[in-house]
Amino acid sequence: MPSLPEELREFFQGKLVFNGINGVTGEYGQPPMPVEQLARLINGNPTHTDFQEFIAHQKHLSSLTKLGQRLEKISDEQLSVLQSADETALAENKFKKHFQEQIKSSPVKPGSGDPAKVQDVGWAVLFPAEMHRTLKERIKEALMPLLDLRQHQAGDKFVIYEGEKGYQPDERKDLFFQRLHIREGAADPNEMPFYVMLVGTPNEIPYRFQYQLDVMRGVGRLDFGNDIESYAQYAQNIVAAETGQYTTPRRAALFGTANPNDKATQLSARYLVDPLYNNLQNATLENNITLTAPWELLPPIVGEDRATKSTLSYILGGHPDLTPALLFTASHGMEFPAGHPYQIPFQGALLCQDWPGPGSDIRRDYYFAGDDIASNAHMHGMIAMLFACYGAGTPQLNQFAMQAFKVREKIAPQSFTATLPQRMLQQGALAVIGHVERAWGYSFISPSGDLDNQAFITALRMLMNGVPVGLATDPSFNLRYAGYSSDLSADLEELRWDPTYLTDYELAHRWTANNDARSYIVLGDPAAKIPLEPFTDRAKESSEMVTIVPPEPIVSPDVESSDTENIPPTEDAADNEGHYNEKQPIKVTQHPSQKEKTSSPTPLPDPLSADEFHVAYGLDDQFNKLRESLRAFTDQLATSLKGAARDIVFLDVETFTADDLEAVSKAINAGQMSTAKMRALTRVAFDGDVQVFIPKQTITIDESVWKIHTAMVEEAQKNRAQFLKTMAELATNLLGSLYIK
Amino acid sequence: MISRDVSFSVSGIDFPDGVDPLGLWQVEKYRISSFTVDASPLMTESVWRIQLPDTLEEAQNIMQSQQYNIEQQQHYLDIIESQLADYNPKENYNLSFVTDRDSPLATLQSSITEISAWSTAYNTTGANPDYIRLYEQCETFLGRFKDIMSLQRRIETRTGQNLVGLTHIDWKGDYKTIWEKQATPPAMHLHIKSVNLASTSRMVVLRIISTAVSGALSIAIKAAIPGGQILLIPAVYHFVSDMLRELKNIPVHA
């Protein structure tokens with residue numbers, strides 16, 4: 001075994017456990033296996049025992065279908081067809097890997113413009129050529145608001161691929177390109193737009209095509225089957241988001257199960273979710289994309305008592321104070337035998353913390369599927385990333401079986417899209433990134449024990465900066481896939497000649513990482529981005545302001561100096577009578593309405609049982625109302641503290657002067673605009689950096705105003721520190737009151 | 001004694017038991033904004049107004065004195081906190097410096113006994129009017145507490161007839177100050193002291209509430225009173241306020 005930190009050894013002792021729980025048997029969908037066995041199967045060199053175990057497992061699963069219907073030997077000819085398709089993809093991956101530094105900065109052909117802008121790189125929709133004409137026309141009509149918007153944005157780089165130009169059945173990507181005279185390599189928006197939205201089921205446009213197209217483009221899929229209304233609703237939602245009809249607060253949530261005695265989720269909770277949380281808390285971190293605005297990260301919802309189905313229901317319930325704009329989940333996904341009645345509605349459902357672990361029966365109330373989302377839930381503006389087996393969908397055939405045993409294993413009657421992301425898109429989410437097929441789940445720990453989660457971090461940070469989802473997955477998962485794919489191909493070739501070229505762990509890691517990265521797809525419009533609330537960086541917004549650095553430390557004047565002379569007006573912009581010509585209107589910021597601010601956020605479900613003592617003494621109703629009132633207030637206090645902690649990044653202190661302060665005061669009382677002239681703004685960062693801004697027209701700095709301004713800055717700093725200390729004590733005491741039994 | 005030329009007033013909030021526990025701020029009823037359609041008060045901010053004499057020296061002395069008072073009261077609060085932590089209602093433990101029947105301690109003990117009795121004699125077939133009264137008191141308390149904590153603030157300082165400075169503090173703690181252009185530096189520094197005084201007063205009141213919450217919790221545990229950790233908050237707050245007044249011996253602004 002390669003050298004691993006001690007704490008990781010326990011995860012890699014014994015057999016590797018993979019993501020995915022069978023909903024009928026309650027066992028792992030892919031039986032745990034030693035790493036040596038996995039390595040053999042990756043190489044396509046199963047032993048006789050390996051094959052026997054595989055067949056036995058298939059028999060175990062084939063209660064609803066006959067073994068012969070599940071398995072079909074692949075002929076060499078069929079295998080070579082599949083391999084040539086893979087080779088094309090491999091070539092493109094090699095290209096991408098070779099140019100990865102360039103592609104990191106822009107995945108499109110140089111000179112094409114900003115890949116984050118549809119107007120520069122274009123947008124297309126691709127229909128299956130053989131989609132029923134009436135259905136296609138109805139879908140197009142339902143999507144018309146979105147198509148109009150994109151056409152308006154993209155201009156002559158807007159394309160509808162349909163009919164003869166649509167996707168032909170079972171067409172390989174390279175042949176599709178050849179047919180439409182699109183060159184391989186970096187995306188040229190003039191040949192084919194960068195953003196491509198596929199419309200249709202994965203039977204009509206296979207997942208394989210989506211993976212391959214996605215290597216060099218931003219691709220998403222919209223699949224609501226025949227549900228025309230869902231297409232219409234989705235289109236309206238995207239348009240509303242893009243045209244600023246609503247915005248979402250910068251709030252993200254990370255949800256990860258750590259089921260008892262289950263290595264796979266213990267690993268993902270500890271080495272994926274927790275490190276992601278720690279990373280995303282920092283707006284600026286070396287070697288990471290800088291967040292352009294502060295975000296509220298909900299405390300990680302991980303493990304016991306937290307990552308439950310009811311908590312997930314709450315988060316996805318659309319509560320305005322809780323529902324995040326960005327959601328990441330890591331858990332097992334549910335699997336069902338091919339053709340099982342639960343397969344279509346529940347495959348890929350997120351198995352929550354409620355599951356007691358391996359060896360336990362699976363109950364419906366352990367996993368969260370599409371129909372667990374309430375019909376009145378609103379997830380408007382959300383983008384979600386689901387790390388779970390089959391979280392985005394299921395292909396008809398198992399890729400792993402083909403590689404390992406050279407058999408086609410039917411794992412579903414046909415390829416289909418998972419219902420959970422479909423439902424999320426129906427309820428307002430803009431896009432869902434999820435996994436097709438099994439997620440292997442060892443890909444974020446390298447054989448040396450280092451975290452290898454940069455793909456997730458990059459994608460999430462880009463989404464948090466408002467980058468379109470199809471672009472956010474590009475330098476993260478697509479590039480990772482490209483890198484691993486080309487490396488893996490070379491490694492497998494070397495291993496044929498030199499079996500010691502890679503250790504089994506190294507091979508297992510590369511292979512699972514490659515598969516995990518390849519199989520992420522976007523469901524939804526790939527140009528969708530989180531419609532973030534505007535972030536006002538007041539230091540930068542005024543074109544009238546310049547930055548200066550004080551030349552020397554300023555000392556507050558002695559009050560007793562009794563300088564009673566009037567402050568002479570500065571000479572800038574003053575007329576002969578000493579009146580200031582420039583009136584810079586200011587609007588005293590009104591706090592959000594009292595109702596809005598003090599409305600009780602819906603609290604998370606109380607993990608403690610009801611207080612039986614109170615019920616027994618008959619104080620239940622009124623006491624509970626009081627307690628709930630206090631709880632709601634405490635939650636609000638916690639939210640305010642979180643907000644304060646987020647906003648403590650900067651402290652702004654502004655100084656104005658007015659000719660008639662009484663008039664200003666009256667205007668403020670009347671809620672009207674007032675006029676006062678800004679003289680200085682000091683911004684103090686949490687790390688102590690100070691920036692000072694004065695109006696550009698200022699010729700000389702008024703010393704007395706400057707000194708007073710500085711004194712006020714000191715006062716503000718003292719006040720904030722004291723406030724946070726007091727609030728923290730108060731919150732602690734209140735929480736003690738709420739949870740005493 | 002505060003002179004006629006001097007006043008410290010606050011509008012837009014009310015203190016939990018209707019009176020400033022520091023004995024400094026007089027509550028003015030909510031100002032009604034001229035542009036609202038109905039008569040309901042506009043409650044987006046609290047306004048703290050400080051009226052000082054127009055004589056600089058006198059104004060400075062007054063501000064200095066009030067700042068000293070606030071510091072003293074914080075010191076008294078430290079003492080009261082530690083006494084509350086040691087207080088055990090079941091042992092009728094007397095705080096060392098209070099003994100008579102109308103004392104804050106006696107009042108607190110009486111409240112504890114009353115609430116404790118309800119838990120064994122609660123009439124489940126009908127509402128206990130005393131309990132309802134206490135429940136309403138708690139609700140009012142909580143509402144006023146929310147206002148003090150969450151409203152943004154405006155602090156205005158006048159010397160004589162002149163409005164010297166106006167500072168707006170939002171809920172994040174960002175400051176925006178508008179100065180009268182003709183204001184002198186000493187007058188401006190008075191306003192900075194006003195801002196400090198108003199902010200510190202608010203902080204101390206919040207600290208008193210925090211003390212009441214932790215005190216109620218401690219007593220509820222020791223006296224085994226179901227729900228006492230919440231129901232006792234107003235009584236403990238009242239106790240702390242009374243203790244502060246006793247220690248400072250200040251008149252109450254009704």
Side-chain angles (χ1 to χ4, degrees), chain A residues 557 559 562-567 569 588-591 593-594 597-598 613-614 617-619 622-623 626-627 629-630 633 637 640 644 647 651-659 661-662 664-665 668-671 676 704 707-708 711-712 715-716 719-720 722-723 726 729-730 733-734 736-737 740, chain B residues 31 33-35 42-45 56 60 119 122 124 131-132 135 138-139 142 146 149-152 154 156 163 165-186 188-189 192 195-196 199 203 206-207 209-210 213-214 216-217 220-221 226-227 229-230:
Chain A
V559 173
S562 55
D563 175 0
T564 56
E565 284 183 16
N566 287 335
I567 307 167
V588 175
T589 308
Q590 290 293 321
H591 197 282
S593 71
Q594 181 72 359
K597 192 167 52 64
T598 60
F613 201 36
H614 295 286
Y617 278 98
L619 297 172
Q622 283 152 336
F623 176 75
L626 201 53
R627 185 165 152 164
S629 186
L630 187 60
F633 175 67
L637 175 61
S640 301
D647 291 311
L651 169 66
D652 286 345
V653 179
E654 295 172 82
T655 291
F656 298 80
T657 55
D659 292 336
L661 191 54
E662 284 288 359
V664 168
S665 176
I668 293 168
N669 283 340
S704 356
K707 285 177 182 172
I708 284 291
M712 198 58 96
E715 174 60 33
N719 183 40
R720 178 174 271 187
Q722 190 59 40
F723 171 70
T726 307
E729 280 168 10
L730 189 53
N733 290 337
L734 280 170
S737 293
I740 184 184
Chain B
R31 293 281 175 96
S33 281
S34 57
F35 69 90
L42 177 69
M43 291 182 59
T44 58
E45 61 179 12
L56 177 65
Q60 287 171 347
S119 70
Y122 183 70
T124 56
Y131 185 81
I132 296 204
Y135 167 74
C138 289
E139 278 263 299
L142 206 56
K146 279 184 198 176
M149 196 202 76
S150 54
L151 285 176
Q152 54 191 10
R154 177 162 34 117
E156 296 181 352
L163 181 59
L166 179 163
T167 294
H168 181 83
I169 306 176
D170 69 14
W171 67 274
K172 294 176 295 184
D174 289 340
Y175 279 39
K176 197 173 288 192
T177 303
I178 312 173
W179 299 104
E180 171 60 47
K181 207 176 73 175
Q182 306 300 328
T184 63
M188 292 160 105
H189 277 279
I192 294 177
V195 170
N196 176 273
S199 299
M203 212 72 66
L206 290 171
R207 202 182 142 203
I209 294 170
S210 180
V213 169
S214 64
L217 177 63
I221 292 170
Q229 71 272 28
I230 296 174

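We name chains A, B, ... by the order of the sequence lines, and we start the count at 1 in each one. This structure is a prediction, so every number in the text was calculated from the model and none was measured.
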| said: How long is the straight-line distance from NE2 of B:His189 back to NZ of A:Lys707, given to the nearest 0.5 Å? | reply: 8.5 Å

| Heavy-atom side-chain proximity of A:Thr657 to B:Ile178 below 4.5 angstrom | no

| request: State the CG-CD distance between B:Asn196 and A:Gln722, to the nearest 0.5 angstrom. | output: 10.0 Å

| Is there side-chain contact between B:Arg207 and A:Leu730, with at least one heavy-atom pair below 4.5 Å? | no

| message | Is any side-chain heavy atom of A:Asn719 closer than 4.5 Å to one of B:Met203? | response | yes

| Minimum heavy-atom distance between A:Leu661 and B:Trp179, given as atom pair plus value | CD2-C, 4.1 Å

| said: On a heavy-atom basis, which atom in A:Ala711 and which in B:Ile192 lie closest, and how many Å separate them? | reply: CB-CD1, 3.6 Å

| Under the side-chain contact (heavy atoms from CB on, under 4.5 Å) test, residues paired with A:Ser665 that sit two or more places apart | A:Asn669, B:Arg154, B:Glu156, B:Leu163, B:Leu166

| Between A:Asp652 and B:Asp174, is there a donor-acceptor pair closer than 3.5 Å when you use the side chain of the first and the backbone of the second? | no

| If you measure from CD on A:Glu729 to CD1 on B:Ile209, what distance do you get to the nearest 0.5 Å? | 13.5 Å

| remark: Rounding to 0.5 Å, atoms CE (A:Met712) and OG1 (B:Thr167) come to a distance of 3.5 Å

| message | According to side chain to side chain donor-acceptor pair (under 3.5 Å), who are the partners of B:Ser210, at least two apart in sequence or on a separate chain? | response | A:Asn733

